[in-house]
Amino acid sequence: QVQLVESGGGLVQTGGSLRLSCAASGRTFSSYAMGWFRQAPGKERSIVAAISYSGTGVYYGDSVKGRFTISRNNAKNTVYLQMNSLQPEDTAVYYCAGVLGRYSTTYYTAFSAYDYWGQGTQVTVSS
């Protein structure tokens with residue numbers, strides 16, 4: 001069992017930055033591929049970024065490429081999402097998710113692939 005707790009959300013102006021953190025419980029975090037998803041009101045939950053358990057495989061959604069960076073520190077059982085150049089359309093609840101990774105470079109982009117989810121953290125970007 002893995003428990004995930006997100007933090008770092010908040011209110012920021014257009015063009016600003018935030019760093020989200022997702023702290024995981026358990027000793028097997030280094031075996032888990034992780035992902036960040038977001039869900040805006042009235043919209044489906046969608047992938048933002050994903051990272052393999054080793055950190056060598058990463059994926060970014062088209063809308064965040066060049067602005068967001070996913071990283072992880074397995075010694076601290078934490079995955080991060082650095083968000084720069086934030087825009088109003090980035091406003092959403094952001095969730096981290098985890099699943100046992102199959103290979104060191106494997107990341108997962110499908111909502112259904114993940115077994116564990118955090119409670120979410122709100123990110124609001126004002127114009």
Side-chain angles (χ1 to χ4, degrees):
Q1 190 79 8
V2 175
Q3 291 186 324
L4 304 173
V5 179
E6 302 98 333
S7 62
L11 174 65
V12 64
Q13 291 185 333
T14 297
S17 297
L18 284 174
R19 187 175 84 154
L20 304 184
S21 299
C22 174
S25 65
R27 294 176 293 176
T28 59
F29 175 75
S30 60
S31 299
Y32 280 77
M34 302 296 294
W36 285 98
F37 289 74
R38 66 186 180 187
Q39 187 168 19
K43 295 188 177 181
E44 294 185 350
R45 196 170 298 190
S46 62
I47 185 73
V48 176
I51 190 167
S52 65
Y53 67 70
S54 69
T56 55
V58 293
Y59 168 89
Y60 295 99
D62 287 342
S63 62
V64 306
K65 282 180 183 176
R67 301 188 299 125
F68 290 12
T69 303
I70 188 171
S71 62
R72 66 189 296 156
N73 185 329
N74 286 343
K76 294 185 177 181
N77 282 13
T78 303
V79 62
Y80 305 97
L81 185 68
Q82 177 66 44
M83 307 186 294
N84 299 329
S85 302
L86 283 161
Q87 302 297 314
E89 52 265 36
D90 295 316
T91 295
V93 178
Y94 283 72
Y95 300 88
C96 72
V99 62
L100 276 172
R102 185 168 186 178
Y103 301 111
S104 63
T105 57
T106 302
Y107 52 78
Y108 302 86
T109 60
F111 173 90
S112 59
Y114 289 88
D115 294 320
Y116 301 101
W117 292 85
Q119 81 290 349
T121 186
Q122 176 70 47
V123 171
T124 303
V125 185
S126 64
S127 57

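Just so it is clear, the values below take in all heavy atoms, side chains as well, and ignore hydrogens, waters and symmetry mates.
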Set of side-chain contact (heavy atoms from CB on, under 4.5 Å) partners for F111, sequence neighbours left out = F37, R45, W117
Partners of A75 by side-chain contact (heavy atoms from CB on, under 4.5 Å), sequence neighbours excluded?
-> N73
With rounding to the nearest 0.5 angstrom, report the [atom1] to [atom2] distance, [X] to [Y].
| X | Y | atom1 | atom2 | result |
| --- | --- | --- | --- | --- |
| L4 | N77 | CG | CG | 10.0 Å |
| L20 | S7 | CG | OG | 8.0 Å |
| T69 | R19 | OG1 | CZ | 11.5 Å |
| T109 | Y59 | OG1 | OH | 5.5 Å |
| Y108 | L100 | OH | CG | 8.5 Å |
| Y103 | S52 | OH | OG | 13.5 Å |

Y32 versus T28, closest heavy-atom pair with distance | CD1-O, 3.0 Å
Between F29 and T78, which heavy-atom pair has the shortest distance, and what is it?
->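 Reported closest heavy-atom pair: CE2-N, 3.5 Å.
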Heavy atoms of other groups near Q122 CD, more than 12 under 6.0 Å = yes
Beyond-backbone contact of [X] with [Y], side-chain heavy atoms, under 4.5 angstrom:
| X | Y | value |
| --- | --- | --- |
| L86 | L18 | yes |
| V79 | I51 | yes |
| P88 | T14 | yes |
| V48 | F68 | yes |

Between [X] and [Y], is there a shared hydrophobic cluster once you connect ILVMFWY residues whose side-chain heavy atoms come closer than 4.5 Å?
| X | Y | answer |
| --- | --- | --- |
| Y116 | I70 | yes |
| W36 | V64 | yes |
| I47 | V58 | no |
| Y107 | Y114 | yes |

Distance-only, no hydrogens or angles: does the T121 side chain make a donor-acceptor pair with backbone N or O of Y95 under 3.5 Å?
->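 Between the backbone of Y95 and the side chain of T121 there is no qualifying donor-acceptor contact (under 3.5 Å).
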Of M83, Q39, E6, the residue whose pairing with Y94 passes side chain to side chain contact (heavy atoms under 4.5 Å, CB included) |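 When side chain to side chain contact (heavy atoms under 4.5 Å, CB included) is applied between Y94 and each of M83, Q39, E6, only M83 qualifies.
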Can you tell me which residue pairs pass the side chain to side chain donor-acceptor pair (under 3.5 Å) test with a partner in residues 80-92, sequence neighbours excluded?
-> S17-N84, R38-D90, R67-D90, Q82-N84
Determine, for Y53 and R72, whether the Lys NZ or Arg CZ falls below 6.0 Å from the six-membered ring centre while staying within 45 degrees of the axis.
-> no
